Every structure is written in C-alpha cells, then in structure tokens.
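Heads up, the thing below is written out as structure tokens.
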Amino acid sequence: MTIVVTLDEMLVRRKVKSRDLAAHVGITEANLSLLKSGKVKGVRFETLSAICEYLQCQPGDLLAWVPQDGDQPAGSAGPAGGPP
C-alpha cells in the first residue's frame, strides 16, 4: 500500500503559500516540503491538526491510500478463498 500526501493540491485550492502554513504550524519550510513530497515516515497528530485547522479541512483531504499490485482490502479472502 502507498499513502499519498495531497497537501500541495489543498494549498492550491485554499490559495495558501507554504511559508504561511509552515509559520502557522511552527515547522520549517524544509520540513513542510518533505511532508508535501511524502518523504517522511510519519507526522504528529498535533502537526496534522494544526495544518487542518489552518486549511479548514479534514485529514482525509490531505492523505490518500493508493493500492498497489497484490494489495487487498481488509477482510477479503486470499487466493482461492484461502486465508488472506
């Protein structure tokens, strides 16, 4: 599975500059850039909450799950009805 960060699209929709968001959230523009590119291993809920507050959006507006080959939805049966 792949989690895709769609923060760039939200910034464009809200007509917000990265530097303004970074200043509000209290992170560097470099760290915001890493987050936007998806090159981070995690994000604190406090940071995510501050981003959502500033952009007036939900966390799901900023993150998307994209299935990759071989990924199966939770609860689905594996090959030939066997265990997943």
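Source: prediction; values computed, not measured.
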Heavy-atom nearest pair, P59 first then C52, reads N-SG, 3.5 Å
Would a hydrophobic clustering, with Ile, Leu, Val, Met, Phe, Trp and Tyr connected at side-chain separations under 4.5 Å, put F45 with I51?
no
Determine whether a donor-acceptor pair (N or O, by modelled atom type, separation under 3.5 Å) exists between the side chain of T28 and the backbone of A22.
no
The reported gap from CE in M10 to CG in L7 (rounded to nearest 0.5 angstrom) is 8.5 Å
Run the side chain to side chain contact (heavy atoms under 4.5 Å, CB included) test on S33 and K39 for me, step by step, so that the C-alpha distance in whole Å, both residues' side-chain angles and the decisive distance to 0.1 Å come before the verdict.
CA-CA 9 Å; S33 179; K39 294 183 179 178; over 6 Å; no
Transitively linked via ILVMFWY side-chain contacts under 4.5 Å: L62 with V12?
no
Taking it one step at a time, do L11 and L55 satisfy side chain to side chain contact (heavy atoms under 4.5 Å, CB included)?
CA-CA 8 Å; L11 288 171; L55 297 176; 4.0 Å; yes
Would a 4.5 Å heavy-atom cut-off, applied to side chains only, mark R44 and S49 as touching?
no
From I27, V40, V5, residue fulfilling side chain to side chain contact (heavy atoms under 4.5 Å, CB included) relative to L34:
V40
Would you kindly say whether S18 and E29 are connected by a side-chain donor-acceptor distance under 3.5 Å?
no
Nearest 0.5 angstrom please: Y54 OH to L21 CG, how far?
7.0 Å
Is a side-chain donor or acceptor of R13 paired with a backbone partner of D8 at a separation under 3.5 angstrom?
no
For the atom pair CG (L32) and CZ (R19), what is the distance rounded to the nearest 0.5 Å?
12.0 Å
Interatomic distance, CG@L48 vs CG@L35, rounded to 0.5 Å, equals 8.5 Å
Nearest atoms (heavy-atom pairs only) where E53 meets Q56:
O-NE2, 2.7 Å
